[in-house]
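What follows is a single structure, written as structure tokens, with notes after it.
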Amino acid sequence: MALTAVKGFNDILPDESGRWHYIEQTARRVFERNGFGEIRVPVMEKTELFCRSIGDATDIVEKEMYTFIDKGENSVTLRPEGTAGVMRAFIEHKMYAQDPVSKLYYLGPMFRYERPQKGRYRQFHQIGAELTGAHDPLADAQVLNMLVSFFNEIGLTEPSLQINSLGCPECRPAYRAALRSFLEERIAHLCEDCKRRFATNPLRTLDCKVPGCVEATAGAPSVLEHLCSGCDEHFTTVRRYLDLSQTRYDINSRMVRGLDYYTRTTFEMVTGLLGSQSAVAAGGRYDGLISQLGGPAIPGIGFAMGLERVALLLGGQEFCSFPDLFIATMGVGERDVAFRLMAGLLKSGVRVEMDYEGKSLKSQMRRADKLKSRYCVVIGENEVLSGKASFKRMADGFQADAALTVAGIQSLVGTSEQ
Ligand code: HAM
């Protein structure tokens, strides 16, 4: 039996990868314009890093991590998200000593043992950004504006921004207590997971999609009514900055996040087009994380988007790139001329294709069509003798002669290469 990929792990084939390049290039352009530089960290870290950052009582750490013992008896984990590893590197390399404010972005595969479905995979890809060193709500607004700009520039208007504040270690315990006392009478109606969450992580019950839990938590106290004055003022100022920059958002006080490190502002870009996988991007502020991981008391805020989900939203648009020119040949003798031209044109940045197998002219023309080449030329004995040939623009049939030299062909055909 032929071998297949591991369940929930996908291949990205060439006709799909054009869309991925477009997403990655747009993100790089928008992020770098905002002063973010790329950081590349390993896909595997010590397990303890994720337990200490994401939190022991989260679904990710409890149920979804790819953890194993390596040959040196160390417990290691394939990263389920990017923030923890980036902050580990930030502390390890004392990046805060170079610049008080640091802006980093990253992209790559993440791994979670979830039940695969459309928009949810076991290996998936994130593009994320992290800004550290700024307490000011202005930093929250800049990060949010950058995320919204990415979606605008990529041509997606549908995912909309939802924001919330989860308070801080000062005000959250009182909210947690208020929520617990609300849930106490309703505990019998909660699902088994939420019964457990009631004790360990009651805020997560607000996020549960099970109908009984949605009903039982309707009317639960709002976190926004339990913020301390510092958190309240922070959230009000973030909103003021968003209004100043004309960024549209909705407040969703039931939005809680699946990772424990968040403080104050949290947010999601949500869509109605991907079924239950409604978050295309998500993030928030994590003012305690860096010190929790052994670094100095430096605040941070960031987000990550799911590349597969962005790709699904972009839908069937065409992102492949096509050859500039297909060189067809009449006979075997002309293949030397064609190959020499192809080699020269490729070096000058023109995308050229020719036939490799000595196929008939008809079959070569079919291939030129299939590859959607912009131009096509047929080289026979006459063309070799005269040193020029007629080039056909496939879209409209326009024909023009050009010398059979790299410079001659390039000046007619141009190049689609950026
Ligand atoms: P997260 O909400 O766990 O946050 O994931 C961020 C995004 O990754 C989600 O909104 C979704 O688009 C995508 N995603 C998550 N799991 C899957 C999956 N199984 N399959 C496909 N896509 C998925 C974080 O990971 C935080 N590190 C974000 C952050 C950065 N917060 C601050 N900085």
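Whatever order the structure lists them in is the order used to number ligands and atoms, beginning at 1.
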Sequence neighbours excluded, the answer for ring pair (Phe, Tyr, Trp, His ring centres under 6.0 Å) partners of F151 is none

Which protein N or O atoms sit under 3.5 Å from any N or O of ligand 1? Give atom names and distances.
from     : atom 1 : to   : atom 2 : distance (Å)
ligand 1 : 2 (O)  : R257 : NH1    : 3.2
ligand 1 : 2 (O)  : R257 : NH2    : 2.7
ligand 1 : 3 (O)  : R112 : NH1    : 3.0
ligand 1 : 3 (O)  : R112 : NH2    : 2.8
ligand 1 : 4 (O)  : R257 : NH2    : 3.1
ligand 1 : 5 (O)  : Q126 : NE2    : 3.2
ligand 1 : 8 (O)  : Q126 : NE2    : 3.1
ligand 1 : 10 (O) : A279 : O      : 3.3
ligand 1 : 12 (O) : A279 : O      : 3.0
ligand 1 : 12 (O) : V280 : O      : 3.1
ligand 1 : 12 (O) : G306 : N      : 3.2
ligand 1 : 16 (N) : R112 : NH1    : 3.4
ligand 1 : 19 (N) : E114 : OE2    : 2.7
ligand 1 : 19 (N) : Y121 : O      : 2.9
ligand 1 : 20 (N) : Y121 : N      : 3.0
ligand 1 : 25 (O) : R112 : NH2    : 3.2
ligand 1 : 25 (O) : Q126 : NE2    : 3.0
ligand 1 : 27 (N) : E81  : OE1    : 2.5
ligand 1 : 27 (N) : T83  : OG1    : 2.9
ligand 1 : 27 (N) : Y261 : OH     : 3.0
ligand 1 : 31 (N) : Y262 : OH     : 2.6
ligand 1 : 33 (N) : T83  : OG1    : 3.2
ligand 1 : 33 (N) : E130 : OE1    : 2.8
ligand 1 : 33 (N) : E130 : OE2    : 3.0
ligand 1 : 33 (N) : G302 : O      : 3.4
ligand 1 : 33 (N) : F303 : N      : 3.3

Can you tell me how far apart CG (L345) and OG1 (T405) are? Round to the nearest 0.5 Å. 8.5 Å

Any chance you could lay out the salt bridge (Lys or Arg N to Asp or Glu O under 4.0 Å) test for E62 and R196, step after step, and finish with the verdict? CA-CA 12 Å; E62 272 186 351; R196 221 168 12 87; 2.8 Å; yes

Would a distance-only check, ignoring hydrogens and angles, find a side-chain to backbone donor-acceptor pair under 3.5 Å from D324 to V350?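 No; judged by distance alone, with no hydrogens or angles, the pair does not exist.
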
Exactly one of I251, T265, L227, V223 should register a side-chain contact (heavy atoms from CB on, under 4.5 Å) with S165. Which one does? L227

Would a line drawn from the ring center of Y286 to the ring center of Y262 be shorter than 6.0 Å? no

